[in-house]
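In what follows, a structure is listed as structure tokens, so that the remarks can point back to it.
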Amino acid sequence: METAMNFQEQVKQGIPSELPQAKPYPADANRAPKRKDILSVEEKQLALRNALRYFPKEWHQELAEEFAHELKDFGRIYMYRFKPSYHMKARSITDYPAKCQQAAAIMLMVENNLDPEVAQHPEELITYGGNGAVFQNWAQYLLAMKYLSEMESDQTLHLYSGHPMGLFPSSTDAPRVVVTNGMMIPNYSQPDDWEKFNALGVTQYGQMTAGSFMYIGPQGIVHGTTITVMNAFRKVLSKGENPQGKIFLTAGLGGMSGAQPKAGNIANCVTVCAEVNANAATKRHQQGWVDELIDNMDDLVARVKTAQAAEEVVSIAFIGNIVDVWESFYEEDIFIHLGSDQTSLHNPWSGGYYPVDISYEESNRLIREEPEVFKEKVQATLKRHADAVNKHTARGTYFFDYGNAFLLEASRAGGDVMAENGIDFKYPSYVQDILGPMCFDYGFGPFRWVCASGKPEDLDKTDAIAASVLRKIMQESPEEIQQQMQDNITWIEDAKQNKLVVGSQARILYADAQGRMEIAKAFNDAINNGEIGPVVLGRDHHDVSGTDSPFRETSNIYDGSRFTADMAIHNVIGDSFRGATWVSIHNGGGVGWGEVVNGGFGMLLDGSAAAERRLKSMLLFDVNNGIARRSWARNEEANFAIKREMARTPKLKVTLANLVEDDILNNLSL
Ligand SMILES: NC(=O)c1ccc[n+]([C@@H]2O[C@H](COP(=O)([O-])OP(=O)(O)OC[C@H]3O[C@@H](n4cnc5c(N)ncnc54)[C@H](O)[C@@H]3O)[C@@H](O)[C@H]2O)c1
């Protein structure tokens, strides 16, 4: 019987030999939104035929009826009945039934991405972002785990959008798993194509780290946001001036946006974050992610004036509309140093952005009952929002778009956000002005690791190792990257006290190629010495080389190539034959289906000489592929970084760009 089996036996069994009992859907689960009913009757039959091919004939009658209900009720067939009864969480690597350690490491990361503490909709195998799937259904999960438990170190598992096509013979140096998510023929990559082909069970939206098993909870977002806020302040403050008492005004206390107040505190400023949804604001306050909660404008104005005068470091959630805050602060003459926005404007018509002057409840009614009226109100609010921002920037506020499509939607609504040339926006995106030139172009990006023993003391030891490696490198770092080095040393020294671990024992740290390679080598040595257990390396796809996304990660590429996806494809292929334990490449992620191609890797360090060879070869390429591309796009900082890397690495020879004088071009008749 299924329940009598222990965890290891259940994993090895895969799809159970006896049909498990149907399970009631857990009442307290955070259920994924019902998906669009997009399939024709014939296509629904095809979706069922596709789902049933995982199971023996004798079960088809019973399962066909059940799956038809799921398709009707949820828009997808998740196969809830087959969700295993064991607790889903990252166990210690030694707890997995596996013939090779690399396979056990992958199982650990898969389970972490489905841990109810970590995942947004665990019953539907969604890790984050509403649709970031690890697998499409539970049959795929069970089969993939079974294959991993059988895998030997010269076999590779190929996953097609969650579906385990099978184990193929390969070699010990090949990746153990190759993941593709949502890869489409380009003409079939509109949002409704995802709805249709996902409902048919033949593709999935892997977001970035969900479908590559590399999500580590909110820590990743906090670090990236901290880096952004700190560097934004550096752009506006004079040298030596500090952010205390200076205001960062923004909106949103949701999934990712909820990291803003915590990041503001770490960056030492006064964060004011408006949130229309009182529940979301209260939840963040209770979780300790924001210090104070205020629900009326007079109190907010008074509190902010005190914080400015006393040069405080504090984060304040305002329950209300962000537009009211921009307008009131203008009337009250409150100077805002930094302004941004993280409402969900990638999804403006169904609750991503709430109009001003009507209640939250009334807005939700309009969304359901009068969507056209709601749309008009959103657009009118966006115009007001843009006007209020413009008034502040005229006084000296630095405003940046946070990759949430604020400028795009404000422009579509007729807001005054276009530059004089009518093509660009008046304000930069956070990648164009901050993360691109200050981090990605030098190779600094969201490197991360997971201690596969599951022991907190291993994480402490890796924090200490990483800090000491960075301190050593910093002594010889050029002036251009001293600040980045210092920021990351401070981050890793404070990481434990910021209590960011949720799920696996994981850490994120922005490091460049040299930093990533030397930290990884030091970990491998410590594993070899028996100081710590095995470590899984990885990164967010939102990085130097992993992601081609013209309005986000590659928005600071100005040679016309930002609409190409060659870099991300080269990255995943290049990483795969240089030693990655698994590689993944995805369509969609953050900005939407068809808008981005992104990839990543996972690599197990086990203390061996082979692991050392792999980490050196793969991490060098993983970062420098993107720097070479950024340098070819004439990005000055990347040009500096790649020349430095070539001096350090004899066999690296990168094509460098020659710069043409503007006068030559301006004097041509074209
Ligand atoms: N944090 C990052 O590093 C990062 C990077 C790139 C893009 N983004 C973008 O940021 C956006 C937010 O992401 P999320 O996961 O937090 O989304 P979310 O939907 O969970 O949160 C957005 C919040 O904004 C609130 N809101 C909407 N309209 C408002 C208004 N007018 N005034 C005040 N509050 C309002 C909503 O109630 C919601 O809680 C997304 O578009 C995302 O793609 C974030």
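When a ligand or atom number is given, it counts from 1 through the structure's own listing order. As a basis for the values below, the full set of heavy atoms in this structure was taken, side chains included, without hydrogen atoms, waters or symmetry mates.
The nearest heavy-atom contact from the protein to atom 34 (N) of ligand 1 is Val276 N, 3.3 Å.
Arg395 forms a cation-pi arrangement with Tyr330, by the criterion of a distance under 6.0 Å to the ring centre and an angle within 45° of the ring axis. Taking the centre and axis of the six-membered ring of Phe551, the NZ or CZ atom of Arg562 falls inside the cone set by 45° and 6.0 Å.
Atom numbering of ligand 1 starts at 1 in the shown order; those under 4.0 Å from a heavy atom of Ser257 are 14 (P), 16 (O), 21 (O), 22 (C). Taking a cut-off of under 4.0 Å to the non-hydrogen atoms of Asn277, the atoms of ligand 1 that pass are 37 (O). Each of the following atoms of ligand 1 lies closer than 4.0 Å to a heavy atom of Gly352: 27 (C), 28 (N). Listed by atom number, the atoms of ligand 1 under 4.0 Å from Gly252 heavy atoms are 23 (C), 24 (O). Those atoms of ligand 1 with a heavy atom of Asn404 less than 4.0 angstrom away are 9 (C), 10 (O), 11 (C), 41 (O). Numbered from 1 in the order shown, with element, the atoms of ligand 1 that lie under 4.0 Å from a heavy atom of Ile322 read 30 (C), 31 (N), 32 (N), 33 (C). Close approach of ligand 1 to His346 (heavy-atom distance below 4.0 Å) involves ligand atoms 40 (C), 41 (O), 43 (O). If you number the atoms of ligand 1 from 1 as listed, the ones under 4.0 Å from a heavy atom of Ala274 come out as 33 (C), 34 (N).
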Under 3.5 Å, which donor-acceptor pairs do the side chains of residues 213-221 form with other protein atoms, sequence neighbours left out?
from   : atom 1 : to     : atom 2 : distance (Å)
Gln219 : OE1    : Arg507 : NH1    : 2.9
Gln219 : OE1    : Ile508 : N      : 3.4
Gln219 : NE2    : Ala506 : O      : 3.0

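Taking only non-hydrogen atoms, the option from Glu275, Gln342, Glu553 nearest to atom 1 (N) of ligand 1 is Gln342. If you check each of Tyr353, Tyr430, Tyr354, Phe406 against atom 5 (C) of ligand 1, the one with the closest non-hydrogen atom is Tyr430. Of the candidates Val378, Thr343, Val356, Thr381, Thr343 brings a heavy atom nearest to atom 35 (C) of ligand 1.
Residue Tyr128 places no heavy atom under 4.0 Å from ligand 1. The closest approach between His542 and ligand 1 stays at or above 4.0 Å for every heavy atom of the residue. In this structure, Gly351 falls outside the shell of residues with a heavy atom less than 4.0 angstrom from ligand 1.
Ring planes of Trp194 and Tyr205: perpendicular class, angle over 60° (limits at 30 and 60°). Relative orientation of the Tyr510 and Phe440 rings is parallel, given thresholds of 30° and 60° on the angle between their planes.
Residues satisfying the side-chain hydrogen bond (donor to acceptor under 3.5 Å, both in side chains) test with Gln286, not counting sequence neighbours, are none.
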| message | Applying side chain to side chain donor-acceptor pair (under 3.5 Å) to Arg630 and Asn556, what does each step give before you reach the verdict? | response | CA-CA 9 Å; Arg630 289 166 183 275; Asn556 74 322; 3.1 Å; yes

